[in-house]
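Here is the structure we will look at.
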Amino acid sequence: MEYNFNAIEKKWRQKWKDEPINQPSEDKQNYYCLDMFPYPSGNGLHVGHWRGYVLSDVWSRYQILHGKYVLHPMGWDAFGLPAENYAIAQKMHPAIATAENVENFKRQLEEISAIYDWEKEINTTDPDFYKWTQWIFLKMFEAGLAYEKEMPINWCPSCKTGLANEEVKEACCDRCGSVVTKKNLRQWMLKITEYASRLLDDLEDLDWPEKVKKMQADWIGKSYGAEIDFKVDGIDKEVKVFTTRPDTLYGATFMVLAPENALVDELVSPECKEAVEKYVFQSSTKSSVDRMTDKEKTGVFLGRYAINPLNGNKVPIWIADYVLNDYGTGAIMCVPAHDARDFEFATKFNLPIVQVIAKDGAVQDLTEAYTEDGLMVNSEQFNGVKAAEAKTLILDYLEQKNIGKKTTNYTLRDWVFSRQRYWGEPIPVVHCECCGIVGVKESDLPITLPDVKSYEPTGTGESPLADISDWVNTTCPKCAGPAKRETNTMPQWAGSSWYYLRYVDPKNKEELVSKNKMQEWLPVDMYVGGIEHAVLHLLYARFYNKFLYDIGVVDFKEPFTRLFNQGMVTKNNIKMSKSKGNVVSPDGLVEKYGCDSLRMYELFIGPPEFDSEWDDNGIDGVHRFLNKVWRLVTTNKPIDATKDLERVRHKLIYDITVRMENFSLNTVVSGFMEYTNKLVDMQKRLGGIDKETIDTLIILLSPMVPHISSELWEKLGNTDSIFDRVWPEYDKEKMQDDEIEIVVQISGKMAGKIKVDATTEQDVIIQKAKEAASNKLKNKQIVKEIYVKNKLVNIVAK
RNA sequence: GCCGACAUGGCGGAAUGGCAGACGCAGCGGACUCAAAAUCCGCCGCCCAUAAAGCGUGUGGGUUCGAGUCCCACUGUCGGUACCA
């Protein structure tokens with residue numbers, strides 16, 4: 001008989017609505033388990049979304065069984081480019097499209113039966129929410145962390161609009177196919193670089209995957225080096241470079257500036273001007289990724305020379321797009337003998353290569369850059385010194401002569417925080433003719449998005465808000481004179497950088513979050529989300545948190561104590577997305593197999609931290625398994641526990657608990673299958689299973705498959721909720737087998753197995769192993785005997 | 001390019017340095033059935049008539065009594081690369 005999952009799941013879902021299983025009480029500790037909230041796209045949820053949400057829900061229920069009161073909220077990251085583009089495509093207002101999508105998402109999310117507390121639902125596009133997004137910006141502005149700057153953006157000359165990198169495909173506009181160029185526009189920036197060292201240092205104590213910490217550390221990219229001034233030959237100019245290798249300064253035989261470097265115009269010689277301008281334009285059409293990945297180095301000579309400050313040599317100045325304007329000073333000194341990229345460039349353009357570090361001080365014919373350690377050569381008074389020492393010596397010398405100074409440099413750049421778009425939080429400042437840029441009054445927040453006839457890009461590069469003169473024209477909060485509102489909006493990141501704080505106090509009108517609630521719940525105990533957010537979102541959220549710490553809003557330095565990144569669900573080995581046409585919807589699967597089966601299958605498809613390939617067929621396996629559990633329990637006639645049954649029970653608890661703690665949920669599922677098979681077998685043999693073992697199995701199953709577990713729990717005559725029980729404990733001693741199996745190896749090769757009593761002494765076991773393998777040991781001399789306790793004997797023989 | 005990861009049967013995957021392929025899907029054979037579904041039993045890496053033997057965890061080296069696992073060098077795939085989030 002198949003169990004009736006439809007009726008059971010409907011019944012329990014209703015029951016949990018009436019009487020939530022997750023209730024506060026005085027003796028319970030709070031636990032905050034958070035999902036990265038979704039962007040409610042028009043395509044609805046797919047089985048890839050489910051994976052993360054099931055994972056966090058299983059973890060939340062697991063905490064409930066450990067006596068915790070769990071906060072497990074859900075909300076919507078609904079501002080941003082995709083929502084706006086979807087709305088434009090559907091020819092409807094983004095607010096209406098978003099509301100519809102949210103409704104659909106919510107309906108689909110209910111099918112998961114997660115313990116979401118919908119009372120705490122938030123939406124980044126809700127003025128009551130974005131009031132605080134704007135408030136934070138205002139505080140950053142007051143603190144001098146928000147500033148304006150001209151920055152290049154992708155520009156489609158045909159659509160006359162700025163484009164996101166996402167909208168640029170192979171250097172062409174995704175909408176019309178024209179070649180995309182760069183255009184300088186006034187942008188709002190956030191000084192995240194001011195927090196660089198704290199963002200780096202505080203990584204250390206986080207209980208996060210090491211790979212994510214590493215990625216963030218590399219992204220911040222702290223490096224020690226020097227800024228060195230090169231005088232330009234013949235004119236009164238200097239070029240400042242940043243280098244991590246001041247020790248190689250004698251080998252600097254040319255310089256390269258980024259094509260966007262402001263000095264290019266000042267330095268270029270008249271005869272080279274045309275070629276340089278052409279090159280600058282060409283590189284402006286390339287994306288930064290393309291610039292990095294281009295196989296062949298390109299560049300042009302500026303027609304000007306600089307003076308190497310140590311040896312006085314004239315070195316040519318070039319521009320090339322492998323140098324980035326926003327890292328260091330946007331200019332480098334090139335030492336082809338000791339840097340692979342410089343070597344390639346020098347070889348291609350026939351520039352001199354001078355070795356200044358050599359193994360044992362012996363100059364070689366270089367066929368590639370020499371990046372090993374060695375002794376200094378061709379470096380005047382530093383010759384013969386170890387390169388590592390020369391680094392310090394040369395640095396000191398440069399500082400003494402006032403031509404360079406020690407610097408710490410970060411790869412991290414300030415954050416471009418404005419968008420020339422409609423669907424985002426208005427930036428809460430005004431531009432006043434007398435007072436300049438002035439933040440709006442706190443009491444005027446939120447600055448709401450006005451209704452607008454056309455929310456499509458304007459064609460001027462400005463936000464559509466710029467066209468609404470009623471809204472734009474306002475008065476200055478400082479002098480009450482005429483002023484114009486800022487028409488740029490914030491990026492989607494703005495809301496997602498602090499939303500985790502708001503869930504604990506979502507309806508507070510007075511404060512972003514009350515002190516009480518903050519101390520009760522925060523920081524987040526467990527944060528679950530996709531690995532694709534390893535750097536940007538998680539770094540931005542950490543930055544926001546640190547700022548809010550500095551102004552006293554929160555009293556903790558890091559927002560997410562523990563982090564788990566789940567892998568993607570792929571179909572045909574590519575990420576599920578509507579544009580790829582490989583989306584699998586959970587709706588039909590829930591109907592056919594039930595929520596419990598789908599929940600369990602989502603976990604079974606593979607290790608949660610890695611990508612897994614989706615296969616609809618596989619769900620049959622877990623569905624059969626749940627039927628098997630149903631039969632095992634409903635047909636069971638309890639017997640008294642035997643030693644064997646007790647042993648199986650403790651092993652079961654042990655295996656499931658250890659795997660849960662390691663987040664190895666796919667092997668938790670396979671563990672359940674193995675033990676259930678074993679129990680079915682024992683049930684046949686013994687006539688039944690003892691009550692405690694059956695109870696244990698159901699409690700252990702309940703976080704993953706809450707409906708069927710609750711139903712079986714009730715069928716067994718229990719009147720309390722299974723989630724009021726505690727996670728069972730194991731006793732290692734009671735897991736011990738009487739007889740153990742020992743593997744016998746000859747010189748590391750499998751040669752058989754022996755069974756011995758668990759109490760057998762080592763010598764006896766080795767003796768027995770030799771007897772068992774006597775055939776293979778004939779005519780051989782035993783060199784060594786290795787015994788691994790309770791596991792194997794390896795006899796090394798010649 | 002840079003940063004991070006991954007690579008094991010037909011497929012998803014399992015394996016604290018110790019029996020490679022647990023568990024499941026698909027497939028094959030059988031039981032039950034008038035039949036089907038459900039269920040149950042058996043087989044299921046390659047080579048091979050069968051067995052034994054041999055081979056086998058992307059490629060090439062190394063460390064070790066013993067390597068899927070550790071080290072070095074490659075190849076391929078995926079994620080991120082700052083305006084998708």
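Letters A, B, ... mirror the listed sequences (proteins, then strands); counts begin at 1. Basis for what follows: all heavy atoms, side chains included, without hydrogens, waters or symmetry-related copies.
- Taking atom C1' on both B/rA82 and B/rC2, the two are 13 Å apart, rounded to the nearest angstrom.
- Side chain to side chain, A/Ser664 and A/Thr667 meet the donor-acceptor criterion of an N or O pair below 3.5 Å.
- Every residue meeting the ring-ring contact (aromatic ring centres under 6.0 Å, His included) condition with A/Phe543, not counting sequence neighbours, appears here in chain and number order: A/Tyr195.
- Glycosidic conformation at B/rG13 (O4'-C1'-N9-C4 for purines, O4'-C1'-N1-C2 for pyrimidines): anti, more than 90° from 0.
- Tested against A/Trp498, the residues A/Phe137, A/Phe129, A/Tyr130, A/Tyr544 include a single ring-ring contact (aromatic ring centres under 6.0 Å, His included) partner, A/Phe129.
- The aromatic ring centres of A/Tyr601 and A/Tyr593 sit 6.0 Å or more apart.
- Note that CG of A/Asp655 is 13.0 Å distant from CE of A/Met660, once rounded to the nearest 0.5 Å.
- Here the closest non-hydrogen pair linking A/Trp188 and A/Asn488 is CD1-ND2, 4.3 Å.
- Spacing of C1' atoms, B/rG9 relative to B/rG45, comes out at 5 Å, to the nearest Å.
- Partners of A/Asn565 under the side-chain hydrogen bond (donor to acceptor under 3.5 Å, both in side chains) rule, at least two apart in sequence or in another chain, do not exist in this structure.
- A cation-pi arrangement is present between A/Lys297 and A/Tyr322, with the terminal nitrogen or guanidinium carbon under 6.0 Å from the aromatic centre and inside a 45° cone about the axis.
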Using a cutoff of under 3.5 Å, can you pull out all pairs of nitrogen or oxygen atoms linking the protein to nucleotides 26-29 of chain B, with atom names and distances?
none

Protein heavy-atom contacts under 4.0 Å, written 5' to 3' over nucleotides 9-19 of chain B as B (base), S (sugar-phosphate only) or - (none), form the string ---BSS-B-BB

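- With sequence neighbours excluded, no residue satisfies ring-ring contact (aromatic ring centres under 6.0 Å, His included) with A/Phe242.
- The residue A/Ile153 sits close to a base: some heavy atom pair falls under 4.0 Å.
- Pairing analysis of RNA chain B (Watson-Crick: purine N1 to pyrimidine N3 plus N6-O4 or O6-N4; G-U wobble: N1-O2 and O6-N3; both under 3.5 Å) yields stems of 3 or more pairs at B:1-7 with B:75-81, B:10-12 with B:23-25, B:27-31 with B:39-43, B:58-62 with B:70-74.
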